[in-house]
There are 2 protein chains.
Amino acid sequence: MATQRTIAGPCTAWPEDSAFIREVLDRIGDKWTVLVVSTLGAGPLRYSDLQASVPGISQRMLTVTLKELERDGLVTRTAYPEVPPRVVYELTDLGRSLLASVMPLAGWAAEHHGTIAAHRRAHATTGVGRAATRAG
Amino acid sequence: MATQRTIAGPCTAWPEDSAFIREVLDRIGDKWTVLVVSTLGAGPLRYSDLQASVPGISQRMLTVTLKELERDGLVTRTAYPEVPPRVVYELTDLGRSLLASVMPLAGWAAEHHGTIAAHRRAHATTGVGRAATRAG
DNA sequence: CGGTATCCTCACTGATACTG
DNA sequence: CAGTATCAGTGAGGATACCG
């Protein structure tokens with residue numbers, strides 16, 4: 001193989017979208033977005049059902065996450081002006097496409113879970129880095 | 001009884017790997033992992049070249065990221081005991097497979113960048129959410 | 001050159017309380 | 001029911017200084 005001297009890296013691969021890609025990665029890396037999106041992947045849900053479906057989420061984070069998603073056009077918000085207020089959230093096509101793009105990653109994670117766990121143990125066993133758990 | 005129906009969220013979709021999936025998502029969501037991995041995707045690089053290839057990264061974060069990656073078996077570290085020390089990092093097959101799984105997501109981001117940006121503008125224009133910036 | 005150790009900041013997150 | 005407002009804790013990440 002030719003000696004590749006072009007260091008360049010990711011910036012070369014992603015001309016100027018890199019900032020936006022980081023943004024998306026940040027989003028999917030945040031604690032709730034993927035959970036909420038995948039939950040909505042099963043179908044439209046109202047606020048309270050959503051909160052029930054994503055066990056640990058707080059009202060604040062659900063609201064914040066939902067607003068981000070709506071703002072980006074990944075979910076739609078439909079409020080019915082009824083007496084007990086009812087608001088339904090639903091994935092848009094864009095949202096579904098994101099979900100579809102994230103799924104493979106979840107698949108990768110599930111598939112290689114064992115391999116990685118094993119490597120971690122091996123890494124610890126062979127004492128590659130440090131064996132010391134904590135310097136006293 | 002419809003008191004509490006099974007919403008069937010993400011937990012249903014991902015039986016028990018969900019914790020690990022979150023872990024992977026956290027990892028790829030962190031600021032540097034994907035940048036480093038994708039940079040190494042072009043070929044092996046030594047520490048300093050890596051730092052040069054990922055502009056904003058600090059020594060600390062490069063080291064931390066690299067250690068995480070090595071620990072998980074995503075990259076290999078090869079140190080040559082020469083006079084000016086030389087350490088080369090390279091993606092393993094596992095690392096390459098992660099990169100291959102992340103790429104589509106980057107592709108998704110690049111593809112829908114415009115759509116999302118447009119939606120954000122529309123969202124702002126139509127004033128969907130809020131008019132009041134601060135409660136006064 | 002290739003790290004390691006330490007301090008510091010501040011953005012993300014959660015708990016709580018209140019409103020329409 | 002569906003949010004909004006506010007306060008406080010945590011820890012990822014950056015700057016700096018030093019070692020092998």
Side-chain angles (χ1 to χ4, degrees), chain A residues 7 22-23 25-36 40 44-71 75-90 128-132 134-136, chain B residues 2-4 7 22-23 25-36 40 44-71 75-90 128-136:
Chain A
I7 304 301
R22 265 257 42 59
E23 203 177 316
L25 257 22
D26 274 351
R27 190 66 45 87
I28 78 104
D30 88 36
K31 207 169 179 181
W32 303 112
T33 297
V34 171
L35 273 317
V36 169
L40 285 175
L45 285 177
R46 44 195 300 190
Y47 188 87
S48 49
D49 288 341
L50 216 29
Q51 189 165 23
S53 298
V54 186
I57 202 168
S58 62
Q59 281 194 324
R60 175 184 150 79
M61 289 319 293
L62 180 55
T63 300
V64 168
T65 303
L66 249 13
K67 278 192 166 179
E68 293 285 324
L69 292 171
E70 189 197 0
R71 169 191 139 110
V75 308
T76 56
R77 194 193 101 117
T78 311
Y80 299 89
E82 299 168 353
V83 142
R86 185 162 59 101
V87 179
V88 174
Y89 291 90
E90 184 173 12
V128 176
R130 0 191 83 225
R134 207 148 183 268
Chain B
T3 24
Q4 174 158 28
I7 303 300
R22 264 258 43 67
E23 201 177 319
L25 257 22
D26 275 352
R27 189 65 47 87
I28 78 104
D30 89 39
K31 207 170 179 180
W32 303 113
T33 299
V34 172
L35 273 316
V36 170
L40 285 174
L45 285 176
R46 44 195 299 191
Y47 188 89
S48 48
D49 288 340
L50 215 30
Q51 187 164 25
S53 298
V54 186
I57 202 169
S58 61
Q59 280 193 324
R60 175 185 151 80
M61 289 320 293
L62 180 56
T63 301
V64 167
T65 302
L66 250 15
K67 278 192 166 178
E68 293 284 323
L69 291 171
E70 190 198 358
R71 169 191 137 113
V75 309
T76 56
R77 193 193 101 117
T78 312
Y80 298 89
E82 300 167 353
V83 143
R86 183 164 59 100
V87 178
V88 174
Y89 291 91
E90 184 173 11
V128 178
R130 36 174 64 213
T133 49
R134 283 196 95 203

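Letters A, B, ... mirror the listed sequences (proteins, then strands); counts begin at 1. Computation of the quantities below employed the complete heavy-atom set of this structure, encompassing side-chain atoms and omitting hydrogens, waters and symmetry-equivalent molecules.
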**Request:** Specify the separation, in whole Å, of atom CZ of Arg46(B) and atom C1' of dC1(C).
**Result:** 7 Å
**Request:** With sequence neighbours excluded, tell me which residues meet side chain to side chain donor-acceptor pair (under 3.5 Å) with Thr65(A).
**Result:** none
**Request:** Kindly write out the residues that satisfy side-chain contact (heavy atoms from CB on, under 4.5 Å) with Val75(A), not counting sequence neighbours, or none if the list is empty.
**Result:** Leu40(A), Leu69(A), Glu70(A), Tyr89(A), Leu91(A)
**Item:** Sorted by number, the residues of residues 79-88 of chain B with heavy-atom contact under 4.0 Å to DNA chain C
**Value:** Pro85(B), Arg86(B), Val87(B)
**Prompt:** Residues in side chain to side chain donor-acceptor pair (under 3.5 Å) with Thr63(A), at least two apart?
**Reply:** Tyr47(A)
**Request:** For residues 53-65 of chain B, pull every pair meeting salt bridge (Lys or Arg N to Asp or Glu O under 4.0 Å), keeping only residues two or more places apart or in separate chains.
**Result:** none
**Message:** My understanding is that only residues two or more places apart in sequence, or in another chain, count here; which of them pass side chain to side chain donor-acceptor pair (under 3.5 Å) with Arg86(B)?
**Reply:** Glu82(B)
**Prompt:** For the pair made of OH in Tyr47(A) and P in dG20(C), what is the distance, rounded to whole Å?
**Reply:** 17 Å
Between the protein and nucleotides 13-16 of chain D, which nitrogen or oxygen pairs come in under 3.5 angstrom?
residue: dG13(D); atom: OP1; partner: Lys31(B); partner atom: N; Å: 3.2
residue: dG13(D); atom: N7; partner: Arg60(B); partner atom: NH2; Å: 3.3
residue: dG14(D); atom: OP1; partner: Lys31(B); partner atom: NZ; Å: 3.0
residue: dG14(D); atom: OP2; partner: Trp32(B); partner atom: NE1; Å: 2.9
residue: dG14(D); atom: O6; partner: Arg60(B); partner atom: NE; Å: 3.3

**Prompt:** Is Ser48(B) touching bases, backbone alone, or none of the nucleic acid, heavy atoms closer than 4.0 Å?
**Reply:** sugar-phosphate
**Request:** Name all residues meeting the side-chain contact (heavy atoms from CB on, under 4.5 Å) criterion together with Pro85(A); count only those two or more places apart in sequence or in a different chain, and write none if there are none.
**Result:** none
**Asked** Could you give the CG-to-P distance, from Leu45(B) to dG2(C), as a whole number of Å?
**Response** 11 Å
**Item:** Separation of atom CD in Glu68(B) from atom C1' in dA12(D), rounded to whole Å
**Value:** 12 Å
**Request:** Any chance you could measure Leu62(B), atom CG, to Leu50(B), atom CG, to the nearest 0.5 Å?
**Result:** 5.0 Å
**Request:** Round to the nearest Å and state the distance from Asp49(A) atom CG to dC1(D) atom P.
**Result:** 10 Å
**Message:** If I take atom CZ in residue Arg27(A) and atom C1' in nucleotide dT13(C), what distance separates them, rounded to the nearest angstrom?
**Reply:** 15 Å
**Prompt:** In whole angstroms, how far is the C1' atom of dA2(D) from the CG atom of Leu50(A)?
**Reply:** 12 Å
**Prompt:** Who pairs with Glu68(A) by side chain to side chain donor-acceptor pair (under 3.5 Å), at least two apart in sequence or on another chain?
**Reply:** Arg27(A)
**Request:** With sequence neighbours excluded, tell me which residues meet side-chain contact (heavy atoms from CB on, under 4.5 Å) with Arg71(B).
**Result:** Arg120(A), His123(A)
**Message:** Can you confirm whether Lys67(A) sits close enough to Arg77(A) that some side-chain heavy atom of one is under 4.5 Å from a side-chain heavy atom of the other?
**Reply:** no
**Asked** Axis-to-axis angle across the helix from dC1(C)-dG20(D) to dG20(C)-dC1(D), five pairs an end, to 10 degrees?
**Response** 40°
**Prompt:** Can a side chain N or O of Tyr89(A) be found less than 4.0 Å away from OP1 or OP2 on dC1(D)?
**Reply:** no
**Prompt:** Who are the side-chain contact (heavy atoms from CB on, under 4.5 Å) partners of Ser48(A), not counting sequence neighbours?
**Reply:** Arg46(A)
**Item:** dT4(C) OP1/OP2 closer than 4.0 Å to side-chain N/O of Lys67(B)
**Value:** yes
**Message:** Can you measure Gln51(A) atom CD to dT4(D) atom C1' for me and round it to whole angstrom units?
**Reply:** 14 Å
